[in-house]
There are 2 protein chains.
Amino acid sequence: MERLLSGNARALARAITLVEEGSARVPGLLRAVYHSTGRAYVIGITGSPGAGKSSLVNVLVDHYRKAGKRVGVIAVDPSSAFSGGAILGDRIRMQRHFLDREVFIRSMANRGHTGGLALATHDAVDLMDAAGYEIILLETVGVGQDEVEVVDGADTVCVLLVPGMGDDIQSLKAGIMEIAHVFVINKSDRPGADRLQADVEQMLGLRDWQEHWRPPLVRTVATGGQGIQELCARIADHRAVGVGSEAISRRRRELSRARFMTLLSGRLLKEVVRRVGSSRVDDAVEAIASRRQDPYTATARVVAEAGMGES
Amino acid sequence: MERLLSGNARALARAITLVEEGSARVPGLLRAVYHSTGRAYVIGITGSPGAGKSSLVNVLVDHYRKAGKRVGVIAVDPSSAFSGGAILGDRIRMQRHFLDREVFIRSMANRGHTGGLALATHDAVDLMDAAGYEIILLETVGVGQDEVEVVDGADTVCVLLVPGMGDDIQSLKAGIMEIAHVFVINKSDRPGADRLQADVEQMLGLRDWQEHWRPPLVRTVATGGQGIQELCARIADHRAVGVGSEAISRRRRELSRARFMTLLSGRLLKEVVRRVGSSRVDDAVEAIASRRQDPYTATARVVAEAGMGES
């Protein structure tokens with residue numbers, strides 16, 4: 001714990017492994033370090049597969065390292081057995097930072113139930129934060145609801161688009177456009193970049209931004225480093241308007257509420273099973289599956305038997 | 001209730017509206033009709049936006065109507081404000097079935113929390129089932145985790161792909177490939193169909209199917225009706241191997257378990273709030289947000305105060 005708080009990378013790595021494993025030691029860990037958190041700035045990077053997220057993260061690490069910051073990276077991988085290869089390749093590309101002791105890189109796999117990944121990721125962010133990493137880059141591989149929940153916890157969310165994706169912005173998961181603070185057109189030297197930019201501008205024009213932050217659009221070529229200075233300037237702009245603002249405290253409250261609710265429902269479900277026994281739960285499931293009892297009645301009975309309903 | 005069970009479309013429409021609104025009358029409704037469910041065959045249709053899901057659903061409706069079946073359609077829409085237009089267009093295209101009294105078409109919007117949409121959709125499926133619709137087509141608009149959960153409840157899941165999607169099968173949400181029982185390459189008269197087919201075959205070849213159902217691949221042009229007979233034959237094959245099999249009863253148990261767990265956690269969370277008061281919950285969230293208390297400690301305290309933890 002002390003070694004983690006003093007910034008020791010091996011202690012941090014071990015702590016994140018405990019989080020990934022869902023260890024019973026996690027609550028104690030978080031309790032011990034939580035007062036040292038809330039100092040890091042968390043930048044979320046999301047977008048379709050093939051948009052160049054890893055390359056962009058790579059050059060952002062370079063940028064913040066040159067500015068003298070300690071940088072943490074969490075790459076959130078989906079669990080799909082069908083996409084293991086690409087992810088491994090991405091990680092290898094980041095190896096050049098492995099020798100830099102002020103950079104900490106970690107993958108988190110999506111192996112739990114819905115909500116579990118977001119929970120584990122936020123715990124890992126807190127641990128990195130407590131270990132003194134000042135900038136945390138949160139990269140997601142997919143564009144599903146899980147990934148939206150993960151990056152939605154970031155202070156500034158960058159959504160990467162890439163020209164020639166076929167359905168272009170339409171093919172992005174609904175919900176991902178709404179959480180963007182900065183749009184990045186990466187691989188912007190490819191044909192179609194102008195059209196994509198026009199599409200995004202048009203979409204942004206549909207909304208009345210007024211007191212809201214209107215997401216700027218930056219064109220980059222991550223592999224060549226083009227546009228990175230501007231991207232970092234736009235992230236800094238968003239950070240500057242956020243500091244001390246009502247918007248960012250509302251945002252942090254919402255994140256805290258989501259974490260609380262996920263933990264709460266996990267604990268309550270465990271307690272029901274402890275009280276009525278797992279075979280009673282299996283019976284209820286069987287009654288629903290065989291159409292002997294509807295799901296609402298089955299639920300109400302188990303809640304009553306556990307003494308956890310209205311008395 | 002009686003009118004719903006006798007197949008009255010207006011009674012069904014009203015009942016589904018109650019489900020969408022999360023009405024307190026839903027548990028009673030489900031209790032009353034649940035014994036009449038479990039007879040419909042549910043076919044899930046999912047894939048990226050632009051893959052032609054609505055057109056395919058349209059021709060499938062024609063097919064099953066010609067076979068004399070009563071057909072229900074549930075189109076699950078994401079909540080995104082940015083995609084309202086396309087969905088409306090899709091619905092209009094289905095209007096030609098509006099005059100057919102043996103076809104019932106309904107959209108369900110994603111407006112609740114995670115899990116809420118799947119729950120509402122499964123309730124709506126049960127209501128249609130009880131009303132005597134023999135084939136239920138469950139169409140999702142997006143490809144996120146929510147949509148995966150929705151179609152994963154179907155008896156046969158068709159995943160639509162379309163040539164020239166850029167990143168092709170890579171751009172599908174991880175998780176969607178694993179739930180497919182039938183792959184459909186729609187718009188297969190477009191360039192790139194052969195390559196896409198080869199990609200899918202290669203991906204399927206990576207897995208050892210042995211005792212599992214190996215998803216067949218069907219090429220269609222939904223707007224012209226090509227390939228639909230074959231698609232329906234493959235769906236019938238999958239249905240035939242499923243009937244009475246261990247695989248389908250396991251599947252239905254898993255779906256029942258997911259419904260039960262979602263209902264259970266919803267009820268338990270409500271009960272905690274009832275017992276400790278919503279301002280106590282707000283305090284806990286505030287303590288987490290301001291870093292005064294870590295999420296695990298805050299959760300444990302609220303659970304203890306509610307008398308819903310280990311005593």
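Note on naming: letters A, B, ... go to the chains in the order of the sequence lines (proteins, then strands), and numbering restarts at 1 for each one. All values derive from a computational prediction rather than experimental measurement.
- By number of non-hydrogen pairs under 4.5 angstrom with chain A, the leading residue of B:A300, B:S249, B:S290 is B:A300.
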Exercise. Checking side-chain contact (heavy atoms from CB on, under 4.5 Å) for the pair A:V303/B:E271: CA distance, chi angles, key distance, verdict?
Worked result: CA-CA 10 Å; A:V303 168; B:E271 181 63 15; over 6 Å; no
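- For the pair B:R291 and A:Y34, the cation-pi criterion (under 6.0 Å, within 45° of the ring axis) is fulfilled.
- Taking a 6.0 Å sphere around CZ of A:R25, one finds it holds 12 or fewer heavy atoms contributed by other residues, nucleotides or ligands.
- Options B:H35, B:E286, B:R252, B:E254 differ in how many heavy-atom pairs under 4.5 Å they form with chain A, and the most are formed by B:E286.
- Listed for the B:R257 side chain is no donor-acceptor partner under 3.5 Å among the backbone atoms of A:A289.
- The neighbour count for B:E246 CD, taken as heavy atoms of other residues, nucleotides or ligands under 6.0 Å away, is above 12.
- Note on B:D282 versus A:R253: no salt bridge recorded, every NZ/NE/NH1/NH2 to OD/OE distance being 4.0 Å or above.
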Exercise. Could you go step by step and tell me if B:F260 and A:V281 meet the side-chain contact (heavy atoms from CB on, under 4.5 Å) rule?
Worked result: CA-CA 9 Å; B:F260 177 68; A:V281 171; 3.7 Å; yes
For this session: Begin from the C-alpha positions of A:V272 and B:M308 and carry the test side-chain contact (heavy atoms from CB on, under 4.5 Å) through to its verdict.
Result: CA-CA 9 Å; A:V272 166; B:M308 291 169 84; over 6 Å; no
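- Put simply, of B:L264, B:L30, B:T299, B:D123, the one with the most heavy-atom pairs under 4.5 Å next to chain A is B:T299.
- Residue with the most contacts toward chain A among B:K270, B:R267, B:H122: B:R267 (heavy-atom pairs, distance under 4.5 Å).
- Residue B:R301 qualifies as open at atom CZ: its count of foreign heavy atoms under 6.0 Å is 12 or below.
- Heavy-atom distances place the side chain of B:V302, and not its backbone, under 4.5 Å from chain A.
- Of the listed residues (A:S36, A:P295, A:S265), the one with the most heavy-atom contacts under 4.5 Å to chain B is A:P295.
- Ranked by heavy-atom pairs under 4.5 Å with chain B, the list A:L263, A:L269, A:T297, A:D294 is led by A:D294.
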